[in-house]
Structure formats: C-alpha cells, structure tokens
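To keep things clear, I will list the structure first and then write my remarks on it.
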Amino acid sequence: MNKLTIYVIPFLIAAFLVSGASAITIESLDMQISENGDGSVTFVYSLSTLERFAVFMKITDPSAELKKVIDERTDREVEVQEVSAGRSSFFIPEFISPEIGPAGVTYSTPAIDFSKAEEILREYWFASLITIDLSPGTTTITFPDGYSEIYSDSIQIPSVTRTI
C-alpha cells in the first residue's frame, strides 16, 4: 500500500472545501471496499447558504478543483463520481491491496488522519474567517462481505483489517 493512499481522502475533503466557507462540517464518510481492493468513498457535508448558491449557479466548479488537487497530491487516478452542494463521491482504483492467505482474503484499509487536511486548510488566507472541524460525525468502512466498522466524531480513523 502506497503511503500517499493514506492522504487521499483528507485531500479530497480539503480540496473541495478550499473554495471558502463560514463553517466546514463533515457529517459522514462512507467507504466501500470492493473484492479487488478498489474503493468508493462518499462524504456528506454541510455548506452555508452562500456556498450552496455558488455550487448551484456553477460559480465554482468543485469537480474541477477536486481533480486538480487530486492530480497534484496523489499518485492515484481518482474518479470524481458526484459533487453537489452537500455530497461528494469518488472512485479510487487499487485503494488497498487484498492479500490472499490460508485463512482467506485479507483487506487492510489505511489509517486516515483528518488533522492533516485541517492543517492544509489553515494555511489558506481565509482560515481565520472560518470554523474548521473535519472529523466526520460518522465514518463507516464496509468490506466486500458486508461487514462494517463504524467510528463517531473521530479525527483519526485507524487502519482496519478484515479477513473473508
């Protein structure tokens, strides 16, 4: 597993939210791991009325901003599947590498540290004007067999291993 994979999700979140806000609140993060190790990631967040208007009127193009930052900061060709005023979904090929062993196939997700994304946001000129809390209210990691690990209000999500 490449070390940059650990930073993909926080960078996705930071990239989208860099467009400016009065408060940044991540309500949920959902990661679905496929049998081959690809990942689908969806996060739900709240935006101010002004931000929703900017997205609706296409004043800002979150999809283009996300793609730019992803290309600059990762070695993955992350596909932006959906970006709206309160939800973003991504497909990450080869997010993890399943390992075949005598007990079955083992899937290990990377640890995710949202504090790194907060640090990135705090470097922008508007940081003193906003409230930043990137710890998702609920983080759910679901493996190919349907088993899920759930975390609440965690700025750091540990690596999770599941053998099927």
Side-chain angles (χ1 to χ4, degrees), residues 1-18 21 23-47 62-123 131-164:
M1 173 175 17
N2 188 316
K3 280 188 167 184
L4 287 176
T5 301
I6 296 169
Y7 300 108
V8 169
I9 294 171
F11 280 124
L12 293 174
I13 293 169
F16 178 71
L17 299 173
V18 160
I24 298 171
T25 304
I26 307 300
E27 295 171 10
S28 67
L29 169 66
D30 182 40
M31 294 183 356
Q32 301 278 330
I33 307 300
S34 68
E35 286 185 26
N36 68 356
D38 293 344
S40 293
V41 178
T42 299
F43 64 96
V44 177
Y45 44 84
S46 59
L47 299 175
S63 186
E65 292 298 318
L66 284 168
K67 188 72 174 152
K68 178 181 170 187
V69 172
I70 291 165
D71 289 344
E72 290 174 359
R73 302 209 184 218
T74 70
D75 64 345
R76 299 281 190 246
E77 291 188 26
V78 177
E79 179 184 328
V80 178
Q81 294 180 320
E82 173 191 0
V83 176
S84 67
R87 178 185 178 96
S88 293
S89 297
F90 309 92
F91 175 75
I92 306 170
E94 301 174 8
F95 181 61
I96 61 174
S97 298
E99 295 180 18
I100 300 172
V105 180
T106 300
Y107 300 86
S108 295
T109 64
I112 301 169
D113 185 354
F114 291 97
S115 64
K116 301 295 183 197
E118 283 187 9
E119 288 175 21
I120 291 167
L121 284 175
R122 292 186 200 291
E123 293 175 7
T131 302
I132 302 171
D133 179 8
L134 297 185
S135 54
T138 303
T139 299
T140 305
I141 302 169
T142 305
F143 292 91
D145 65 346
Y147 173 79
S148 295
E149 285 279 336
I150 300 173
Y151 299 90
S152 296
D153 295 315
S154 297
I155 192 91
Q156 296 178 334
I157 308 300
S159 174
V160 179
T161 300
R162 174 84 175 151
T163 301
I164 302 172

(request) Quick one: which residue pairs count as a salt bridge (Lys or Arg N to Asp or Glu O under 4.0 Å) with a foot in residues 29-45, not counting sequence neighbours? (result)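 Of all non-adjacent pairs touching residues 29-45, none passes salt bridge (Lys or Arg N to Asp or Glu O under 4.0 Å).
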(message) With salt bridge (Lys or Arg N to Asp or Glu O under 4.0 Å) as the rule and sequence neighbours excluded, what pairs involving residues 135-150 come up?
(response)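 Pairs touching residues 135-150 that pass the test: D145-R162.
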(request) Quick one: closest heavy-atom pair of T142 and S148, and the distance? (result)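 T142 and S148 have their closest heavy atoms at OG1-OG, 2.9 Å.
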(request) Considering non-hydrogen atoms only, spot the tightest contact between I96 and S108 and give its length. (result)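 Taking every non-hydrogen atom into account, CG2-O, 3.2 Å.
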Report the residues that fulfil side chain to side chain donor-acceptor pair (under 3.5 Å) with [X], sequence neighbours left out, ordered by chain and then residue number.
X	answer
S89	T42
S154	none
T140	none
S28	none

(message) V78 and side-chain contact (heavy atoms from CB on, under 4.5 Å): which single residue from F95, F90, F91 fits?
(response)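 Between V78 and the candidates, side-chain contact (heavy atoms from CB on, under 4.5 Å) is satisfied uniquely by F90.
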(message) As a test of understanding, state which of D153, I157, I150 forms a side-chain contact (heavy atoms from CB on, under 4.5 Å) with T139.
(response)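 Only one option passes, and that is I157.
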(request) Compare all side-chain heavy atoms of Y151 with those of L29 and state whether any distance is below 4.5 angstrom. (result)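 Answer no - side chains too far apart.
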(message) Can you confirm whether M31 sits close enough to I112 that some side-chain heavy atom of one is under 4.5 Å from a side-chain heavy atom of the other?
(response)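 They are in side-chain contact.
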(message) Run the side-chain contact (heavy atoms from CB on, under 4.5 Å) test against I100 and tell me which residues pass, sequence neighbours left out.
(response)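 Here the qualifying residues are V105.
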(request) With sequence neighbours excluded, tell me which residues meet side-chain contact (heavy atoms from CB on, under 4.5 Å) with E99. (result)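 Listed in chain order: nothing, the list is empty.
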(request) Can you measure from OH (Y147) to CD1 (I33) and round to the nearest 0.5 angstrom? (result)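 Taking OH in Y147 and CD1 in I33, the distance rounds to 13.5 Å.
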(request) Mind checking the CG-OG spacing from D113 to S135? Nearest 0.5 Å is all I need. (result)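 Reported value, rounded in 0.5 Å steps: 11.5 Å.
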